[in-house]
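One structure below.
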Protein chains: 2
Amino acid sequence: MTGGDDLRANEKAIDLAPASDAALRFIGWVRTPWQSRDDCPRQGRLDGPECRLELDPVWYEALRGLEDYRTIELLYWLDKSRRDLVLQSPKSDGRTLGTFALRSPVRPNPIGTSIVKLERIDAGNLFVRGLDCLDGTPLIDIKPDRCAFTPKAPSKPGDAEVQED
Amino acid sequence: MTGGDDLRANEKAIDLAPASDAALRFIGWVRTPWQSRDDCPRQGRLDGPECRLELDPVWYEALRGLEDYRTIELLYWLDKSRRDLVLQSPKSDGRTLGTFALRSPVRPNPIGTSIVKLERIDAGNLFVRGLDCLDGTPLIDIKPDRCAFTPKAPSKPGDAEVQED
């Protein structure tokens, strides 16, 4: 999902110790039609090809109630991406942007987020549209789309806090 | 950010080996007005209190160009949350929902995502509104809001793929 491991003009990498601040547990796998980085779209589209999320069976019960949502948020681990670039030249023309000003898969913690359309759930498989990642990408979270979700727990004092003028 | 470590009625935890599939590197810290879980709002609001993102200096250059965005997406690690619940009872009334049908901080990989308003950037500090997490929460990513972002790299064949009828 990077464009290869070589630096383009004016890109800048930094030296980093191995990551060790917290550990992820993959909850499943993303199955898409895209087998190489060059095949993947730059951005998913809600009318794009159907993709399948293959959930680890230990999490099946955690899907209860998700079928009520038409759009959901996915987090996945872009395991092919390097993590040490601070400046990137996405157009290969030497003009650079900071990593945090891009939605490139190359980032300190290569987590992709997408809002996708949930078509159906069948025996621990979720069928969705709107992804743009490689086949076999590890899945790390599934949430209701924030725009469609209303907190289920009672509200708290902080919910009413607004800025001071 | 959980409501404590005890299970509520009908909640269900599962046995899990320690997480070890991938490792995160914290890129900074989130400073908010909320010192306890009970103080935090359930959901951030874009007219809520100003919060500060304190970035690790090694990533300062990675901010270049981010100032062009009015809204940005943040990912952070909800380090106080348990990770083993498949069913949760958010209203404490015994009615349960699956973890993936909630935006609760209790999840297999406790990563919070928020869309926040970027007020300004000053010497590696980002001032934002719209957060709802505890003071001291580790930051793991900053991205332009997907709605405002246009890919900078040339498009690829996959960008034109739509569903087959």
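Each chain gets a letter, A, B and so on, in the order its sequence line appears, and its residues count up from 1.
- Annotation: side chain of A:P154 is in contact with side chain of B:R42 (closest heavy-atom distance under 4.5 Å).
- Looking at B:N109, its side chain never comes within 3.5 Å of a backbone N or O of A:D141 through a donor-acceptor pair.
- Residue B:L118 does not touch chain A at all, counting heavy-atom pairs closer than 4.5 Å.
- Summarising the geometry, atom NZ belonging to B:K152 is positioned 13.5 Å from atom OG belonging to A:S89; distances are rounded to the nearest 0.5 Å.
- Looking only at atom types and distance, the side chain of B:T99 has no donor-acceptor partner in the side chain of A:R64 under 3.5 Å away.
- Two residues are said to be in side-chain contact when any heavy atoms from C-beta on lie closer than 4.5 Å; B:I27 and A:F100 meet this criterion.
- In this structure, CD1 on B:I140 lies 11.0 Å from CZ on A:R107, to the nearest 0.5 angstrom.
- For the residue pair A:R146 / B:S114, no side-chain donor-acceptor distance below 3.5 Å is found, with atom types taken as modelled.
- Counting only heavy atoms from C-beta outward, the side chains of B:D21 and A:W77 never approach each other to under 4.5 Å.
- With a 4.5 angstrom heavy-atom cutoff, B:Y69 touches chain A only via side-chain atoms.
- The contact between B:E161 and chain A is made by backbone and side chain atoms together, counting heavy-atom distances below 4.5 Å.
- In this structure, A:P151 and B:R103 have side chains that are not in contact, with every pair of non-hydrogen atoms separated by 4.5 Å or more.
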